[in-house]
Amino acid sequence: QVQLVESGGGLVQPGGSLRLSCAASGRIFRINTMGWYRQAPGKQREVVATIRSDGRTTYTDSVKGRFTISRDNAKNTAYLQMNSLKPEDTAVYYCNAELIRIGEGLRTTYWGQGTQVTVAS
């Protein structure tokens with residue numbers, strides 16, 4: 001069983017910063033893409049940022065210039081550095097990984113349990 005565990009969420013004032021971490025564990029052969037998604041009350045879940053194994057990244061327009069996604073391949077861990085946080089960033093943030101398990105050739109998608117980020121004064 002592959003497991004993704006997020007950490008680093010919490011309460012922060014507008015303009016502040018947080019860094020989220022996502023650690024993947026299990027019989028993993030290769031993680032192709034990792035990403036961060038978020039869902040606010042009354043809204044659909046949206047992709048925030050993704051990063052491929054070669055380091056290529058994507059960002060949704062609303063976070064460009066403020067958020068940075070990175071990964072440590074040796075640790076099977078992804079990070080999301082969030083700066084200049086706004087109240088509209090408040091949401092549950094979920095980690096996602098598309099990976100290949102040891103002994104298999106099929107790509108499988110896994111989700112973390114989510115971590116709450118609240119931006120308020």
J.: Look up atom CD1 in Ile51 and atom CE in Met34, then write down how far apart they are to the nearest 0.5 Å.
T.: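 Rounded to the nearest 0.5 Å, the CD1-CE separation comes to 9.5 Å.
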J.: Looking at Arg45, I want to see if its CZ is surrounded by more than 12 non-hydrogen atoms of other residues, nucleotides or ligands under 6.0 Å.
T.: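 Enclosed: over 12 neighbouring heavy atoms sit under 6.0 Å from CZ of Arg45.
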J.: Quick one: closest heavy-atom pair of Val12 and Leu85, and the distance?
T.: CG1-CD1, 3.5 Å
J.: Write down the atom of Ala40, the atom of Thr90, and the distance for their closest heavy-atom approach.
T.: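 Taking Ala40 first and Thr90 second, the nearest heavy atoms are CB-O, 3.6 Å.
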J.: From Tyr110 OH over to Ile31 CD1, what is the distance, rounded to the nearest 0.5 angstrom?
T.: 11.0 Å
J.: When rounded to the nearest 0.5 angstrom, what is the spacing between OG1 in Thr68 and OH in Tyr79?
T.: 14.5 Å
J.: Do Ile28 and Ile102 share a hydrophobic cluster, counting only Ile, Leu, Val, Met, Phe, Trp and Tyr and linking them when any side-chain heavy atoms are less than 4.5 Å apart?
T.: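 No: no chain of side-chain contacts under 4.5 Å links Ile28 to Ile102.
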J.: Using 0.5 Å steps for rounding, measure from the OG1 atom of Thr108 to the CD atom of Glu98.
T.: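 Spacing of OG1 (Thr108) from CD (Glu98) equals 8.5 Å.
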J.: Please report the shortest heavy-atom distance between Arg52 and Thr33, naming the atom on each side.
T.: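 Residues Arg52 and Thr33, closest heavy atoms: CG-OG1, 4.1 Å.
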J.: If we ignore hydrogens and angles and just use 3.5 Å, is the side chain of Glu6 paired with the main-chain N or O of Gln113 as donor and acceptor?
T.: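 Judged by distance alone, yes, a pair lies under 3.5 Å.
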J.: Among Val47, Asp89, Leu80, find the residue that satisfies the side chain to side chain contact (heavy atoms under 4.5 Å, CB included) test when tested with Arg38.
T.: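 Result for side chain to side chain contact (heavy atoms under 4.5 Å, CB included) with Arg38: Asp89.
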J.: Give, for atom CD of Glu104 and atom CZ of Arg27, the distance between the pair rounded to the nearest 0.5 Å.
T.: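 Answer for the CD-CZ pair, Glu104 versus Arg27, is 9.5 Å.
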J.: Hey, what do you get for CD (Gln81) to OG (Ser21), rounding to the nearest 0.5 Å?
T.: 9.5 Å
J.: With distance as the sole criterion, is a donor-acceptor pair present between the side chains of Asn32 and Ser53 under 3.5 Å?
T.: no
J.: Looking only at non-hydrogen atoms, find the nearest pair between Asn83 and Ser17 and report the distance.
T.: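 Between these two residues, the closest heavy atoms are OD1-OG, 2.9 Å.
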J.: Treat each ILVMFWY residue as a node, draw an edge where side-chain heavy atoms are under 4.5 Å apart, and state whether Val63 and Val119 are in one component.
T.: yes
J.: Is the backbone N or O of Ser84 less than 3.5 Å from a side-chain atom of Arg66, with the two atoms forming a donor-acceptor pair by type?
T.: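 A pair under 3.5 Å: yes.
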J.: Does Tyr37 belong to the same Ile/Leu/Val/Met/Phe/Trp/Tyr cluster as Leu4, with side-chain heavy atoms less than 4.5 Å apart forming each link?
T.: no
J.: Considering all heavy atoms of both residues, which atom of Thr115 and which atom of Leu20 are nearest to each other, and what is their separation?
T.: CG2-CD2, 4.1 Å
J.: State, to 0.1 Å, how close Gln1 and Arg101 come at their nearest heavy-atom pair, and which atoms those are.
T.: N-NH2, 4.3 Å
J.: Between Trp111 and Tyr94, what is the ring plane arrangement, given parallel below 30°, perpendicular above 60°, and tilted in between?
T.: perpendicular
J.: Any Lys/Arg nitrogen of Lys64 or Asp61 sitting under 4.0 Å from an Asp/Glu carboxylate oxygen of the other?
T.: yes
J.: Hey, does the side chain of Tyr59 reach the backbone of Ile69 with a donor-acceptor pair shorter than 3.5 angstrom?
T.: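 A pair under 3.5 Å: yes.
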